[in-house]
Amino acid sequence: MNLAIIGSGYVGLVTGTCFAEVGHNVICVDNDAKKVEMLRAGRIPIYEPGLEDLIKKNVAAGRLSFTTSIQDAIDKSLVVFIAVPTPPQPDGSVDLSYIEAVAREIAGVLTDYRVIVDKSTVPVKTGEKVAQTINRYNKKGVTFDVVSNPEFLREGSAVADLMKPDRIVFGTSTEKATEIMTEIYKPFNAPILVTDLNSAELIKHASNSFLALKISYINAVAAICEASGADVEKVAEGMGADHRIGRAFLNAGIGYGGSCFPKDLSAFIRISDDLGYDFKLLKQVEEINRGQRERFLRKIRESLWVLRDKKIGVLGLAFKGNTDDVRSSVAIELVKEMVKEGAKVRAYDPKAMEKAAPMLPGVTLTATAEEVAEGADAVIVATEWTDFKTVDWKKIKQAMNSPLLFDGRNLLDPAKMKALGFDYSSIGR
Ligand code: NAD
Ligand code: UGA
């Protein structure tokens, strides 16, 4: 099938590539001409394991191409996916101006029936607004269907998540759109749940909020573990063995970050508020998450007494492992806070240095993980990159001024680190 994807970022680019991989003809659109130029030249603007090879393969096979022209892409495609940003506004509500702008643009170039699919994460009832907008600006009266098809991929494993999804959700009210969407997703062999438009939109916000809730829950439990001498890893293992609970997303740490959980939680709280429900539970989830970073900083302050002029090495800047994405990264927030207090920070990340650099003036970015430790009063693990498990910890210990090691992601083995001579502390164990 011929598909257009409007917005070629983390979601649009990976989704478009995976659609091409299963045999569809895909045109990815972006209004960032530089990005399109890069993609056409075979350079990939994001780091995502497995993506580069897949893009090259599908471009070479003639199934994947890039353009800045929405008109060209829509003329050639029966189905048009929208994957543009839905960033937060200062009051927590969602900025829907990108979606609205794209809806108007689509309306202006429609000449024949099209299925317009929203893949961006949006508040419930946005699909209805998209349909109204297209109707208003679609002067030729062309028929179309609007579908909500939320995306559940995780950065860092986006290709695998898309190729082998747990479920496909789409919301629509017409049989024609249901048939077309089912056909698109058939090659993925995943369970398909068809709902109304509003339910599909809600499934996305409710899912992300629930996952964030699991993280805050285990982080609260971690605080109890610290106070009682229990081990949060064992507690999570014991809880997770119950299939009704599950072990996933029970990793205690310095809190969730990224371009999605923080914004989607505040959006869901705001949406619920607008609909007359005060979602206090989710407000607590946010509160615990903020507190997690603060508790960690407090531990560092307690050990170092004052941060001013202390040399601190930071491992990890991305918001999680396996990505170069630094949007709303807790690691970055942590570094900024320590710099504000006068600490001298040296930091390293396997993939996110380029994106982090402009956000961290005054921070020395090192070429290797080991180099953050030179003369350091403390070293912090801030991102759960598995690469950090295998760095030369002996060398790090030798390079440090004092052997304080704070593991904000429970990545390392406490016994091993203690045996190496570190004064090691982590979260909830
Ligand atoms: P992104 O910023 O990486 O990509 C968005 C792209 O859209 C950018 O390349 C931008 O230039 C382009 N764009 C903006 N306006 C445009 C227009 N008018 N025409 C053409 N292109 C335009 O964003 P993302 O991370 O891919 O997120 C997109 C949406 O998907 C958001 O709603 C997000 O919440 C949701 N989502 C993201 C993830 C994720 O892991 N990043 C996962 C699931 C859902
Ligand atoms: C998340 C969801 O997992 C995806 O299903 C969803 O599609 C996506 O948001 C989205 O809507 O954009 P993502 O943000 O890419 O995906 O990454 P996650 O693996 O969910 O991690 C989010 C944050 O939670 C990271 O900062 C990570 O360090 C933290 N986390 C995750 C924990 O602290 N503990 C855990 O157990 C799991």
Side-chain angles (χ1 to χ4, degrees), residues 4-16 28-36 38-39 45-46 48 66-70 73 81-88 94-106 118-123 126 149-158 161-162 165-166 204-205 207-212 214-219 222 236 240 246-265 267 289 292-293 316 318-323 325-331 333 382-385 408-411 427:
I5 315 269
I6 303 178
S8 307
Y10 282 89
V11 168
L13 184 59
V14 192
T15 311
C28 286
V29 185
D30 209 284
N31 64 356
D32 180 342
K34 267 196 192 145
K35 196 177 261 190
V36 171
M38 249 181 111
L39 285 162
I46 55 171
E48 192 57 54
F66 307 99
T67 179
T68 51
S69 167
I70 285 196
F81 288 84
I82 304 175
V84 296
T86 50
V94 182
D95 175 359
L96 288 167
S97 60
Y98 296 85
I99 300 276
E100 196 266 353
V102 169
R104 268 187 292 123
E105 272 193 83
I106 292 172
D118 175 50
K119 224 177 211 321
S120 295
T121 302
V122 293
T126 299
N149 173 214
E151 181 49 61
F152 302 103
L153 67 82
R154 290 160 300 170
E155 290 180 24
S157 55
D161 289 348
L162 273 163
D166 286 343
K204 177 65 194 176
H205 269 131
S207 300
N208 269 9
S209 300
F210 191 78
L211 291 169
K214 278 188 93 172
I215 298 170
S216 278
Y217 185 85
I218 200 67
N219 281 334
R247 175 64 181 81
F249 280 72
L250 288 179
N251 296 319
I254 47 178
Y256 60 77
S259 69
C260 294
F261 283 172
K263 96 166 157 61
D264 290 346
L265 246 85
N289 197 54
Q292 213 49 22
R293 189 188 61 198
F319 82 98
K320 61 178 273 192
N322 270 343
T323 179
D325 197 348
V326 290
R327 292 177 290 179
S328 298
S329 164
V330 181
E333 288 164 14
T383 303
E384 63 272 46
W385 275 103
R409 295 294 181 183
N410 287 358
L411 191 76
I427 310 285

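Just so you know, residue 1 is the first one in the sequence shown, and it goes up from there. In each ligand, atom 1 is the first atom listed, and ligand 1 is the first ligand listed. Predicted, not measured: the structure shown is a model, and the values here were computed from it.
- Those atoms of ligand 1 with a heavy atom of Lys204 less than 4.0 angstrom away are 43 (C).
- Scanning all protein heavy atoms for the shortest distance to atom 8 (C) of ligand 2 gives Leu153 O, 3.5 Å.
- Between Asp264 and ligand 1, no N or O atom pair is found at a separation short of 3.5 Å.
- What sits closest to atom 3 (O) of ligand 1 on the protein, heavy atoms only, is Tyr10 N, 3.1 Å.
- The ligand atoms of ligand 1 that sit less than 4.0 angstrom from a heavy atom of Glu105 are 18 (N).
- Ranking protein heavy atoms by distance to atom 30 (O) of ligand 1, first place goes to Val11 CG2, 3.5 Å.
- At a heavy-atom distance under 4.0 Å, only side-chain atoms of Tyr98, from C-beta outward, approach ligand 1.
- Those atoms of ligand 1 with a heavy atom of Gly7 less than 4.0 angstrom away are 6 (C), 7 (O), 12 (C), 21 (N).
- Taking only non-hydrogen atoms, the option from Ile99, Leu96, Val84 nearest to atom 28 (C) of ligand 1 is Val84.
- Contact between Gly257 and ligand 2 is present, with at least one heavy atom of the residue lying under 4.0 Å from the ligand.
- In terms of N/O distances under 3.5 Å, ligand 2 is not approached by Thr121.
- Every atom of ligand 2 with a heavy atom of Lys204 under 4.0 Å away is listed here by number and element: 6 (C), 7 (O), 10 (C), 11 (O).
- For atom 1 (C) of ligand 2, the closest non-hydrogen atom on the protein side is Phe261 CE2, 3.5 Å.
- For the pair Pro45/Leu39, a side-chain contact is recorded, criterion being any heavy-atom separation below 4.5 Å from C-beta on.
- At a 4.0 Å heavy-atom cut-off, ligand 1 does not touch Ile46 at all.
- By the criterion of a heavy-atom distance under 4.0 Å, neither the backbone nor the side chain of Arg154 is placed next to ligand 1.
- The closest approach between Cys260 and ligand 2 falls below 4.0 Å for a heavy atom of the residue.
- Atom 35 (C) of ligand 1 has its closest protein heavy atom at Thr121 OG1, 3.5 Å.
- For atom 43 (C) of ligand 1, the nearest non-hydrogen atom of the protein is Glu151 O, 3.3 Å.
- One option in Leu153, Thr86, Val14 has a heavy atom closer to atom 32 (O) of ligand 1 than any other, and that option is Thr86.
- Looking at Arg154, Arg409, Glu384, it is Arg154 that brings a heavy atom closest to atom 16 (O) of ligand 2.
- The protein heavy-atom contact nearest to atom 5 (O) of ligand 2 is Phe152 O, 2.8 Å.
- Here Asp30 has heavy atoms under 4.0 Å from ligand 1 in both its backbone and its side chain.
- No hydrogens or angles considered: a donor-acceptor pair under 3.5 Å links the side chains of Arg247 and Asn251.
- Shown here is Phe152, whose CZ atom has more than 12 heavy atoms of other residues, nucleotides or ligands within 6.0 Å.
- The pair Arg293-Glu333 counts as a salt bridge, with a side-chain nitrogen and a carboxylate oxygen less than 4.0 angstrom apart.
- Of the possible donor and acceptor atoms, one in the side chain of Thr383 sits under 3.5 Å from a partner among the backbone N and O of Ala318.
- In summary, the atoms of ligand 1 found under 4.0 Å from a heavy atom of Lys35, numbered by their order in the structure, are 8 (C), 9 (O).
- When only non-hydrogen protein atoms are considered, atom 32 (C) of ligand 2 lies nearest to Ile215 CD1, 3.6 Å.
- Residue Glu155 approaches ligand 2 through these ligand atoms, each under 4.0 Å from one of its heavy atoms: 15 (O).
- For the pair Phe319 and ligand 2, the shortest N or O to N or O distance falls below 3.5 Å.
- Ion pairing between Glu48 and Arg154 fails under the 4.0 Å rule for side-chain N and carboxylate O.
- Under a 3.5 Å cut-off, the side chain of Lys204 and the backbone N or O of Val122 do not form any donor-acceptor pair.
- Here Arg327 has side-chain heavy atoms under 4.0 Å from ligand 1, and that is the only part of it that gets that close.
- Heavy atoms of Leu250 found under 4.0 angstrom from ligand 2 belong exclusively to the backbone.
- More than 12 non-hydrogen atoms from other residues, nucleotides or ligands lie less than 6.0 angstrom from CZ of Phe261.
- Here the shortest heavy-atom distance to atom 20 (C) of ligand 1, taken over Ile5, Thr67, Asn31, belongs to Asn31.
- For Thr323 (side chain) and Lys320 (main-chain N/O), no donor-acceptor pair under 3.5 Å exists by modelled atom type.
- Applying the 4.0 Å criterion to heavy atoms of Ile6 picks out, from ligand 1, the atoms 19 (N), 20 (C).
- Near Glu155, the atoms of ligand 1 lying under 4.0 angstrom from a non-hydrogen atom of the residue are 39 (C), 40 (O), 41 (N).
- Between Val11 and Thr121, every side-chain heavy-atom pair lies at or beyond the 4.5 Å cut-off.
- For atom 18 (P) of ligand 2, the nearest protein heavy atom (residue, atom name, distance) is Lys320 NZ, 3.6 Å.
- In the vicinity of Lys263, heavy-atom distances shorter than 4.0 Å reach the ligand 1 atoms 33 (C), 34 (O).
- Residue-level proximity to ligand 2 for Val330 is absent, since no heavy atom of it falls below 4.0 angstrom.
- The nearest heavy-atom contact from the protein to atom 24 (O) of ligand 2 is Tyr256 CB, 3.3 Å.
- Each of the atoms 17 (C), 18 (N) of ligand 1 lies under 4.0 Å from some heavy atom of Val102.
- For ligand 2, the atoms closer than 4.0 angstrom to any heavy atom of Glu151 are 7 (O).
- The nearest protein atom to atom 36 (O) of ligand 2, hydrogens excluded, is given as Asn251 N, 2.9 Å; this is a heavy-atom distance.
- Counting only heavy atoms from C-beta outward, the side chains of Tyr10 and Asp325 approach each other to under 4.5 Å.
- Heavy-atom distances between Ala101 and ligand 1 stay at or above 4.0 Å for every pair.
- Contact annotation: for Pro150 versus ligand 1, there are no heavy atoms closer than 4.0 Å.
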